[in-house]
> 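Quick one: the structure is below, questions incoming.
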Amino acid sequence: MVDDCIFCKIVAGDIPSSKVYEDEEVLAFLDISQVTPGHTLVVPKKHARNLLEMDETTTAQLFARVSKVAQKVKAATQAPAMNIISNMEEIAGQTVFHTHVHIIPRYTDQDELTISFTEHEPNFEQLARLAGKIQNS
Ligand code: 5GP
Ligand code: ZN
């Protein structure tokens with residue numbers, strides 16, 4: 001438990017939350033700002049800054065629960081679509097520094113969530129070099 005961490009406080013029950021799922025390792029609760037109805041956060045009970053700081057086993061446990069909770073959210077909301085996102089560090093929009101995965105049901109593409117991928121002409125040489133660098137790191 002990290003003293004000034006809001007999600008550690010939620011896990012400990014010191015701050016109330018709208019719980020949707022809980023087991024020994026993981027807690028899922030509704031995001032207070034509800035980008036869309038049913039917007040849920042899945043967090044590991046053990047504090048870590050974000051996914052980049054977690055080992056493979058803990059991450060695998062977390063994502064097994066993300067899948068389960070996403071299916072529960074879909075069943076409850078009947079949302080036809082969904083985004084699952086985890087922001088890591090400020091540049092990527094992380095504001096709470098305790099690992100969390102957003103489950104965001106989508107009812108229409110005219111809602112308040114915008115994610116866009118700009119297309120670029122592929123440079124295959126560059127792609128091969130970068131892939132090799134990542135493989136070897
Ligand atoms: P981030 O921007 O770090 O990816 O997401 C943090 C999320 O935590 C935000 O969507 C914000 O609404 C949510 N949040 C912040 N404080 C609280 C809180 O006290 N309770 C709940 N349920 N959600 C919170
Ligand atoms: Zn924490």
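Count residues from 1 along the sequence.
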> Just how far is it from atom CZ of R106 to atom CD1 of I115, taken to the nearest 0.5 Å?
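It is 6.0 Å, given to the nearest 0.5 Å.
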> For residues 84-105, which residue pairs qualify under salt bridge (Lys or Arg N to Asp or Glu O under 4.0 Å), counting only residues two or more places apart or in two chains?
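Checked against salt bridge (Lys or Arg N to Asp or Glu O under 4.0 Å) - neighbours excluded - the pairs reaching residues 84-105 are R49-E89.
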> Is there a path of hydrophobic side-chain contacts, each under 4.5 Å between heavy atoms of I/L/V/M/F/W/Y residues, joining V26 to L41?
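Different clusters.
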> Within this structure, what is the CD1-OG distance for the pair I84 and S67, rounded to the nearest 0.5 Å?
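OG of S67 is found 7.5 Å from CD1 of I84.
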> Is V73 close to M82 at the side-chain level, that is, under 4.5 Å between some pair of heavy atoms?
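M82 reaches V73 side chain to side chain.
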> How would you list all residue pairs meeting ring-ring contact (aromatic ring centres under 6.0 Å, His included) that involve residues 43-78, not counting sequence neighbours?
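Only H47-H98 qualify under ring-ring contact (aromatic ring centres under 6.0 Å, His included).
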> Suppose the criterion is salt bridge (Lys or Arg N to Asp or Glu O under 4.0 Å): which pairs have a residue in residues 62-85, not counting sequence neighbours?
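Every pair satisfying salt bridge (Lys or Arg N to Asp or Glu O under 4.0 Å) with a residue in residues 62-85: D23-R65, E25-R65.
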> Taking atom NZ of K45 and atom CD1 of I10, what is their separation to the nearest 0.5 Å?
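Nearest 0.5 Å value for the NZ-CD1 distance: 13.0 Å.
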> Would a 4.5 Å heavy-atom cut-off, applied to side chains only, mark H102 and N87 as touching?
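They are in contact (side-chain heavy atoms under 4.5 Å apart), so the answer is yes.
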> What's the separation between atom OG in S18 and atom CG in D31, rounded to the nearest 0.5 Å?
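These two atoms lie 10.0 Å from each other.
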> Using the side chain to side chain donor-acceptor pair (under 3.5 Å) rule, collect all pairs that involve residues 114-125, keeping only residues at least two apart or in two chains.
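Non-adjacent pairs meeting side chain to side chain donor-acceptor pair (under 3.5 Å): zero.
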> Show the nearest heavy-atom pair for residues D4 and K9, with the distance to one decimal.
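Taking every non-hydrogen atom into account, CA-NZ, 4.4 Å.
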> Indicate, with yes or no, if M1 and V96 share a hydrophobic cluster defined by side-chain heavy-atom contacts under 4.5 Å among Ile, Leu, Val, Met, Phe, Trp and Tyr.
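V96 and M1: separate clusters.
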> With clusters defined by side-chain heavy atoms of hydrophobic residues (ILVMFWY) lying less than 4.5 Å apart, directly or transitively, does V43 cluster with L30?
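In one cluster: no.
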> Near L127 CG, under 6.0 Å, is it more than 12 heavy atoms from other residues, nucleotides or ligands?
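Yes - once you tally the heavy atoms of other residues, nucleotides and ligands closer than 6.0 Å, there are more than 12.
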> Check P37 against P105 and note the closest heavy-atom contact, atom names and distance.
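So the minimum-distance heavy-atom pair works out to O-CG, 3.4 Å.
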> Drop me the distance from I32's CD1 to I15's CD1, to the nearest 0.5 angstrom.
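Result: 9.0 Å between the selected atoms.
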> A side-chain contact here means heavy atoms from C-beta on lying under 4.5 Å apart; do I104 and D111 qualify?
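They are not in side-chain contact.
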> Do V42 and L27 belong to the same hydrophobic cluster, where Ile, Leu, Val, Met, Phe, Trp and Tyr are linked whenever their side-chain heavy atoms lie under 4.5 Å apart, directly or via other members?
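Hydrophobic grouping puts V42 apart from L27.
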> So, Q94 side chain and I91 main chain: donor-acceptor pair closer than 3.5 Å or not?
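Absent.
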> T77 versus Y107: any side-chain heavy-atom pair under 4.5 Å?
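Yes, side chains in contact.
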> For the hydrophobic clusters of this structure (ILVMFWY residues joined by side-chain heavy atoms under 4.5 Å, transitively), does one cluster hold both V11 and V20?
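No, separate clusters.
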> Rounded to the nearest 0.5 Å, how far apart are OG1 of T99 and NZ of K46?
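NZ of K46 is found 10.0 Å from OG1 of T99.
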> List in chain and number order the residues that pass ring pair (Phe, Tyr, Trp, His ring centres under 6.0 Å) with F7, two or more places apart in sequence or in another chain; answer none if no residue qualifies.
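Scan of F7 (ring pair (Phe, Tyr, Trp, His ring centres under 6.0 Å), adjacent residues dropped) gives F29, H100.
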> Return the set of residues passing side chain to side chain donor-acceptor pair (under 3.5 Å) with Q61 (not counting sequence neighbours), or none when no residue passes.
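Scan of Q61 (side chain to side chain donor-acceptor pair (under 3.5 Å), adjacent residues dropped) gives none.
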